[in-house]
Amino acid sequence: MKKNTKLIAGLAAWIIPLGFATSGPVSAGPKAVVELFTSQGCSSCPPADKYAGDLVDREDVITLSLPVDYWDYLGWKDTLARPENTKRQYDYANARGDRRVYTPQIIVNGGDHFVGSSRKSVERGISDSELPVPVILRVAGGELEIEIGEQPWDTKFHTTVRLVTYHRESIVAIGRGENTGHSITYYNVVRDIQPVGMWKGQTMTITLPLDDIMGADADGCAVIVQADSPKGPSKIIGAAKWERAGS
């Protein structure tokens with residue numbers, strides 16, 4: 001999706017410490033954000049991609065697929081991969097200090113990582129998770145309104161509010177490489193991640209023009225509140241999602 005630089009430059013003007021006087025909440029209350037780093041060129045990934053499909057409709061989980069590009073040299077260029085996804089995965093590894101980068105890899109709430117096809121391990125990670133900061137999304141008058149609640153704030157790290165746009169479902173017929181001849185369905189495929197504000201422990205509201213942030217190739221979005229260590233993204237402490245009707 002083409003980035004709207006005017007939108008990003010003007011985001012600060014939309015941030016106000018007020019409550020909403022609009023329609024009821026669209027989404028709130030998940031306990032975990034599951035990020036799946038996957039690749040069309042990885043023969044071990046299809047079971048994890050299928051697992052992501054089983055997770056997408058759960059109310060307690062926000063599932064995001066982030067296709068990476070570092071397996072493209074094996075003979076098939078991933079049609080959904082973004083270098084930004086690869087960078088995010090490496091940044092997570094740097095922040096953890098373990099340099100563990102592989103596919104399929106699932107990271108839960110920006111912290112613990114698991115083999116993406118290991119359902120029992122991931123489910124344990126989800127069950128042990130929590131998102132203590134409440135986030136509520138509302139859509140009214142062509143605007144997405146984000147309300148983030150108040151919680152004690154750790155001043156050691158910046159805490160960034162990020163808007164993640166995604167495509168609900170993409171079916172890809174793979175013509176070469178390790179998955180030659182297979183059609184694989186990918187769920188909640190990330191198209192863009194943009195910072196939209198900084199949270200400092202107090203209730204805040206961010207209002208964004210819906211059509212501009214969604215673009216033509218996204219039918220859902222998630223908002224994540226995430227601590228950023230000096231080495232990379234760290235713990236996710238709040239999240240919510242919204243999807244277009246019928247997606």
Side-chain angles (χ1 to χ4, degrees), residues 1-4 32-59 61-93 100-108 113-123 125-126 162-194 210-211 213-222 224 241-247:
M1 182 175 70
K2 184 178 180 181
K3 292 184 178 179
N4 188 327
V33 176
V34 171
E35 296 178 73
L36 168 62
F37 293 90
T38 183
S39 172
Q40 294 168 18
C42 163
S43 62
S44 301
C45 285
D49 300 318
K50 185 178 186 302
Y51 179 37
D54 295 337
L55 290 173
V56 289
D57 291 322
R58 281 176 46 171
E59 293 184 358
V61 177
I62 295 176
T63 303
L64 301 170
S65 295
L66 295 94
V68 297
D69 60 4
Y70 49 77
W71 295 126
D72 287 359
Y73 76 93
L74 294 177
W76 176 257
K77 184 176 182 179
D78 192 303
T79 61
L80 301 173
R82 303 171 64 247
E84 294 89 348
N85 295 343
T86 300
K87 182 180 184 302
R88 184 168 175 82
Q89 187 181 22
Y90 272 88
D91 286 348
Y92 269 133
R100 295 290 306 278
V101 173
Y102 56 89
T103 56
Q105 183 180 50
I106 278 178
I107 296 177
V108 177
H113 64 93
F114 308 89
V115 175
S117 55
S118 179
R119 294 185 179 225
K120 289 184 179 180
S121 297
V122 176
E123 290 295 338
I126 292 172
R162 290 186 170 92
L163 177 77
V164 184
T165 56
Y166 59 83
H167 187 68
R168 172 76 176 181
E169 184 176 309
S170 297
I171 302 173
V172 179
I174 298 174
R176 293 187 303 278
E178 293 187 352
N179 290 314
T180 300
H182 293 278
S183 271
I184 301 175
T185 304
Y186 298 91
Y187 299 91
N188 288 8
V189 180
V190 170
R191 306 316 302 148
D192 196 27
I193 302 178
Q194 298 185 42
L210 187 64
D211 287 344
I213 63 174
M214 294 299 287
D217 60 350
D219 46 27
C221 67
I224 59 176
K241 71 176 182 178
W242 174 84
E243 294 181 349
R244 296 187 192 274
S247 61

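- Here OG1 of Thr103 is found 11.5 Å from CZ of Phe37. Values are rounded to the nearest 0.5 Å.
- Rounding to the nearest 0.5 Å places OG1 of Thr38 at 10.0 Å from CD of Gln89.
- Using modelled atom types, no side-chain atom of Asp49 and backbone atom of Tyr186 make a donor-acceptor pair closer than 3.5 Å.
- Trp71 contributes atom CH2, which lies 12.5 Å from atom OH of Tyr102 (distance to the nearest 0.5 angstrom).
- Looking at Thr86 and Asp69, their side chains do bring a donor and an acceptor atom within 3.5 Å of each other.
- At least one donor-acceptor pair under 3.5 Å links the side chain of Ser65 to the backbone N or O of Tyr187.
- At least one side-chain heavy atom of Tyr166 sits under 4.5 Å from a side-chain heavy atom of Lys241.
- The minimum heavy-atom distance linking Val189 with Ser170 is given by the pair CG2-OG, 4.2 Å.
- Within the 4.5 Å cutoff, no side-chain heavy atoms of Ile193 are placed close to those of Glu84.
- Annotation: the span from Lys50 atom NZ to Thr185 atom OG1 amounts to 10.5 Å, rounded to 0.5 Å.
- Looking at Ile126 and Arg58, their side chains come closer than 4.5 Å, going by heavy atoms from C-beta outward.
- By the 4.5 Å heavy-atom criterion applied to side chains, His167 and Asp219 are counted as neighbours.
- Looking at Arg82, its side chain does come within 3.5 Å of a backbone N or O of Arg191 through a donor-acceptor pair.
- Between Arg176 and Ile174 the shortest heavy-atom distance is O-CG2, 3.2 Å.
- Between Leu55 and Thr63 the shortest heavy-atom distance is CB-OG1, 3.2 Å.
- Between Asp54 and Arg119, the closest side-chain pair of non-hydrogen atoms falls below 4.5 Å.
- The closest side-chain heavy-atom distance from Val115 to Ser121 is not below 4.5 Å.
- A distance of 7.5 Å separates OG in Ser39 from CG in Leu74, rounded to the nearest 0.5 Å.
- Between Leu36 and Gly116, the closest heavy-atom pair is CD1-CA, 4.4 Å.
- The closest side-chain donor-acceptor pair between Gln105 and Tyr92, if any, does not fall under 3.5 angstrom.
- Of the candidates Asn179, Asp78, Asp72, Gln40 forms a side-chain hydrogen bond (donor to acceptor under 3.5 Å, both in side chains) with just one, namely Asp78.
- Electrostatic pairing of Arg162 and Glu35 does not count as a salt bridge here, judged by no charged N lying under 4.0 Å from a carboxylate O.
- Distance check: Thr165 OG1 to Ile213 CD1 gives 8.0 Å after rounding to the nearest 0.5 Å.
- Of all heavy-atom pairs spanning Gly125 and Val108, the tightest one is O-CG1, 4.0 Å.
- Considering every non-hydrogen atom in both Ser117 and Pro47, the closest pair reads CB-CB, 4.0 Å.
- Arg168 and Asp57 are joined by a salt bridge, as a carboxylate oxygen and a charged side-chain nitrogen come within less than 4.0 angstrom of each other.
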